Structures are given as structure tokens and as C-alpha cells.
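Please read the structure below before turning to the comments.
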There are 2 protein chains.
Amino acid sequence: MKLYGYFRSSASFRVRIALALKEINYENIPVHLLNEGGEQYKADYTEINPQQLVPSLIDGEAVITQSLAIVEYLDAKYPGVMPLVPKDIWLAAKARQIAYAIACDIHPMNNLRVLQYLKGELKVDDEVKNTWYHHWVLTGFTAIEKMLGETCDQYCLGDQLSLADVCLIPQVYNAKRFNCDLTKFPRILAIYEHCMEHDAFIQAAPENQPDAG
Amino acid sequence: MKLYGYFRSSASFRVRIALALKEINYENIPVHLLNEGGEQYKADYTEINPQQLVPSLIDGEAVITQSLAIVEYLDAKYPGVMPLVPKDIWLAAKARQIAYAIACDIHPMNNLRVLQYLKGELKVDDEVKNTWYHHWVLTGFTAIEKMLGETCDQYCLGDQLSLADVCLIPQVYNAKRFNCDLTKFPRILAIYEHCMEHDAFIQAAPENQPDAG
């Protein structure tokens with residue numbers, strides 16, 4: 001398998017976590033989102049990923065884009081190694097609703113291309129851009145902290161690692177990089193600290209990628 | 001089952017399509033997103049949905065939020081009636097990557113609360129807000145039109161209705177409401193026109209909901 005990604009991309013980080021948890025060897029192909037105006041816009045890469053986003057996974061003939069589609073694909077292909085979507089449909093819904101609360105309601109607003117649009121088209125300054133970033137993280141995390149409720153423990157679903165953690169950890173990592181104050185989210189922080197002691201999460205972390213600058 | 005939703009919400013529309021396709025009877029409970037500053041912010045509703053977003057599904061003891069988590073849940077619970085996630089894992093990935101290209105990369109930027117933030121906090125005027133809206137629809141649809149490639153026909157995956165159509169149709173409906181020029185997307189438009197002749201899609205359409213104003 002080949003993974004096109006960028007060390008700092010949260011969506012790439014999700015897929016790297018899943019690949020590491022499932023102990024899959026893969027070739028890591030960096031796509032630098034800033035160099036030369038963004039390598040994701042090059043014609044060759046646009047053929048692979050018409051959205052001009054990372055990550056993209058190549059598995060033989062199959063080309064899969066969208067991080068969560070890739071994670072579900074890996075989970076269905078290798079169900080025996082560290083399953084990420086619980087078999088119980090109600091637990092699966094719990095995992096997915098936390099994953100999507102991040103992937104659909106926090107991350108998209110704070111994606112590089114959106115921050116670039118705010119600065120470029122809307123001409124907002126860095127302070128307004130940072131306020132925007134923090135607003136969506138804090139709104140999202142406030143809800144997720146409640147959603148985790150009493151069921152969370154080491155992981156979002158108690159003692160069972162899932163798709164929810166695969167999304168949560170990169171979002172927390174990113175929020176820390178943007179200096180968000182996360183002290184109001186003790187459940188989220190406890191899960192983050194626990195996961196970041198796990199080999200697969202360490203291996204997948206941005207600073208441990210070959211393209212980390 | 002009970003569905004908390006709003007007639008114009010694209011995310012609610014997705015779930016209504018899935019419920020109609022699976023021929024599930026449900027009680028429709030309107031949550032008006034604008035009246036009284038937004039009924040989704042009321043304490044009672046926040047207990048159900050900590051994100052203060054629609055839709056939310058109640059199925060006995062289970063409370064499920066996030067439209068795509070609900071659709072996956074319904075599909076797993078009623079696999080025999082109009083399956084929405086293909087059994088083949090590569091086709092499932094194709095369906096999910098189109099669904100997420102909409103649910104993670106178009107819809108979130110154009111959600112009511114984001115448009116409200118642009119107007120309220122960033123003080124942009126209606127023209128700038130509309131340009132923003134159109135930008136994310138056109139960027140997203142340009143990619144999806146390519147992703148549909150030669151495989152699409154009546155539906156995103158050829159002759160097989162899937163999760164991808166459940167997301168695509170509400171996004172097209174919404175884009176039309178905001179007067180986006182969609183003539184450059186013949187594949188998307190053909191799928192839309194075909195689906196909107198289908199009883200389940202008609203039944204689920206915003207104008208056919210009890211709360212349509």
C-alpha cells in the first residue's frame with residue numbers, strides 16, 4: 001500500500017494511526033501542502049485525488065480518498081487485527097457519532113484551505129483567524145466532552161479503542177499546536193494522554209514522519 | 001423511532017431519505033433552527049444532542065446524533081431493505097468517499113451556524129457570504145463530478161443506490177436554493193433529476209415536511 005499524506009495533516013494522521021494499529025506496512029509518499037503553492041494542486045496528484053486534499057491510499061488497483069473512507073476500508077479488509085468499528089450496531093453508532101462530530105464539525109472549518117480563504121479572500125488578520133480556529137475547537141470539544149459522558153475511560157468507548165479515538169487524537173494534537181486551552185475537557189485530555197503512550201499513535205505522530213520539517 | 005430535525009437541514013434530509021428508502025415509520029419532531037434564537041439551543045434538546053445540531057434519532061433507549069452515524073445505524077439494523085453501504089469493500093469505499101466529500105468538505109462550511117458566524121463575528125455582507133457559499137459548493141462539486149467518472153449512471157455507483165446519493169441529493173437541493181450554477185456538473189445533475197423522481201426522495205424533501213414554512 002502507498003499513502004499520500006502530509007505530516008501535519010490531521011486527516012493523514014488518522015489514517016497513519018489506523019495503519020499502525022493494524023500493523024500494515026506501507027510506503028509513505030509526502031505531499032507538501034505549502035511548498036510551491038501546494039503540491040496537492042499538481043496535475044499528477046489531482047488525477048489521484050480530484051479534491052486536491054490529503055490523504056489518498058493506493059491499494060493495488062484501488063485508489064481511496066477521504067480519511068474516514070480509508071479507515072473503514074482498512075477495518076473491513078483486516079477485521080481480525082484491532083477492530084475499529086464495533087460489531088454492536090449501537091456501539092458502532094457511538095464511535096461514528098464522535099468521529100463525525102470531529103471530522104464533519106470541527107476539522108473542516110480549521111483545514112488549511114479554509115484558513116487560507118479567510119486570510120486571502122476575507123482578508124482577516126491572524127487574531128481573527130485564531131479566534132475562528134479556537135471557536136470551532138471549543139464548540140466541538142464542549143459537546144464531545146458531554147457525549148463521552150460516563151462511558152469513556154482510557155478510550156472514547158471505555159476500554160475499547162475505536163474509530164472515535166482515531167479521529168480524536170489528531171484533533172487534540174492540532175488544537176494543542178494552535179494553543180487552545182483544553183483544561184475544561186478532562187475526559188478528552190485523559191484519552192489523549194493515554195493514547196499517546198501507545199506505540200501506534202507515537203509511530204503515526206506528525207513529528208515522527210519522514211517529511212516532518 | 002423519533003426524528004428530531006428541521007425541514008431545510010441537509011443533514012436531516014439525508015436521514016429522512018434513508019428512513020423513507022427503508023420504509024420505516026417514524027415520528028417527525030421539528031426543531032426550528034431560527035425561531036426564538038434557535039430551538040436547538042434549548043436545554044431539553046441539548047440533553048439529546050450536546051452539539052445543538054439536527055438531526056437526532058431516538059430508537060428505544062438509543063439516542064443517535066450525526067446524520068451519517070444514523071444512516072449507517074439504520075443500514076446495519078435493516079440490511080434487507082434497500083442496502084445503502086455496498087457489501088463489496090471497494091464499492092463501500094467509493095460510496096463513503098463521495099458521501100464524506102460532501103459531509104466533511106462542502107456541507108460544514110455552509111451550515112447555518114457557520115454562515116451566522118461569518119455575518120455576526122466577521123461582519124461580512126451578504127455578497128461575501130454568498131461568494132463563500134458558492135466557492136465551497138463549486139470546489140466540492142468540481143471534484144465530485146470527476147470522482148463520479150464513468151461509473152455513475154442513475155446513481156453515483158451506477159445502477160446501485162447508496163449512501164453517496166443520500167448525501168448528494170440534499171447538497172444539490174441546497175445549492176439550487178442558493179442559486180449555484182450547476183450546469184458544469186452534468187453527472188451530478190442527472191443523478192439528482194433521477195433521484196428526485198423516486199418516491200422516497202420526494203417524501204423526504206424539505207417542502208413535504210410538516211414544519212415547512
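Treat the numbers as computed from the prediction; the structure is a model and nothing was measured. Lettering of chains follows the sequences in order, A, B, ..., and the numbering in each one begins at 1.
For chain B, the nearby part of Thr46(A) is the side chain; its heavy atoms alone come within less than 4.5 Å. The contact between Leu53(A) and chain B is made entirely by side chain atoms (from C-beta outward), counting heavy-atom distances below 4.5 Å. At a 4.5 Å heavy-atom cutoff, the contact between Ala62(B) and chain A is made by backbone and side-chain atoms alike. At a 4.5 Å heavy-atom cutoff, Ile70(B) makes no contact with chain A through either its backbone or its side chain. Using a 4.5 Å cut-off between heavy atoms, Ala101(A) touches chain B through backbone and side chain atoms alike. At a 4.5 Å heavy-atom cutoff, the contact between His135(B) and chain A is made by side-chain atoms alone. Residue contact with chain A, scored on non-hydrogen atoms closer than 4.5 Å, is absent for Ile144(B). Only the side chain of Thr139(B) comes within less than 4.5 Å of a heavy atom in chain A; its backbone stays farther off. Contact of Trp136(A) with chain B is made through the side chain alone, with heavy-atom distances under 4.5 Å.
Asp126(A) has a carboxylate O that lies under 4.0 Å from a charged side-chain N of Lys119(A), or vice versa, which qualifies the two as a salt bridge. A salt bridge is absent between Lys2(A) and Asp59(A): the closest approach of a Lys/Arg side-chain nitrogen to an acidic carboxylate oxygen does not fall below 4.0 angstrom.
Taking the six-membered ring where tryptophan is involved, the planes of Tyr133(A) and Phe178(A) are essentially parallel, since the angle between them stays under 30° and well short of 60°. By the 30° and 60° cut-offs, the orientation of the rings of Phe185(A) relative to Phe141(A) is perpendicular. Ring orientation note: the planes of His194(B) and Tyr155(B) are nearly perpendicular, at an angle over 60° on the 30°/60° scale.
Interface check for chain B: of the options Met147(A), Glu61(A), Gln52(A), Glu72(A), the most heavy-atom pairs under 4.5 Å are formed by Glu72(A). Chain B forms more heavy-atom pairs under 4.5 Å with one residue of Leu122(A), Val63(A), Asp105(A), Leu68(A) than with any other, namely Asp105(A). Between chain A and the options Ala93(B), Ala99(B), Ala76(B), the largest number of non-hydrogen pairs under 4.5 Å is found for Ala93(B). Ranked by heavy-atom pairs under 4.5 Å with chain A, the first of Val114(B), Thr142(B), Val128(B) is Val114(B). Put simply, of Glu145(B), Met109(B), Glu121(B), the one with the most heavy-atom pairs under 4.5 Å next to chain A is Met109(B).
Remark: Asp125(B) CG is packed, more than 12 non-hydrogen atoms of other residues, nucleotides or ligands lying under 6.0 Å away. The environment of NZ in Lys184(A) is sparse: at most 12 heavy-atom neighbours from other residues, nucleotides or ligands sit within 6.0 Å.
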> Would Gln40(A) and Gln51(A) satisfy side-chain hydrogen bond (donor to acceptor under 3.5 Å, both in side chains), going step by step from the backbone distance to the final call?
Replying inline: CA-CA 9 Å; Gln40(A) 71 277 26; Gln51(A) 286 196 277; over 6 Å; no

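Tyr6(A) has its side chain within reach of His32(A): a pair of non-hydrogen atoms, C-beta onward, lies under 4.5 Å apart.
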